[in-house]
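Below: one structure, written as structure tokens.
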Amino acid sequence: MADAAIKELSFEAALAELEKIVGALERGDVELEQSIKIYERGEALKNHCAALLGAAESKIEKIRLSREGQAVGVEPLG
């Protein structure tokens, strides 16, 4: 799957694939050349997941409360 296809993966699908790659690398049962290829794909998947999380985080808002504890509005989480 090319990097362009990675960008079309959902967060959950990208994370599942990344977990498989980490597992294979940790077991050490992958030849060197294949290890390099899947490591590079893992890096691209990690970056994709980070971008999706950043986008989701920017959409989350924090509720502002009055001194009495009543909701009075929202503001960006960051």
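Treat the numbers as computed from the prediction; the structure is a model and nothing was measured. Heads up: numbering here begins at 1 and tracks the sequence.
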**Asked** Would L45 and L9 satisfy side-chain contact (heavy atoms from CB on, under 4.5 Å), going step by step from the backbone distance to the final call?
**Response** CA-CA 9 Å; L45 288 163; L9 291 175; 3.8 Å; yes

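- Between atom NE2 of residue H48 and atom CG of residue L18 there is a gap of 11.0 Å, rounded to the nearest 0.5 Å.
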Taking distance alone, no hydrogens or angles, what donor-acceptor pairs closer than 3.5 Å link side-chain atoms of residues 19-32 to residues at least two apart or in another chain?
from : atom 1 : to  : atom 2 : distance (Å)
R27  : NE     : D29 : OD2    : 3.2
R27  : NH1    : G23 : O      : 3.2

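- In this view, S10 satisfies the side-chain hydrogen bond (donor to acceptor under 3.5 Å, both in side chains) rule with no residue, not counting sequence neighbours.
- For the atom pair N47 CG and L52 CG, the distance stands at 11.0 Å (nearest 0.5 Å).
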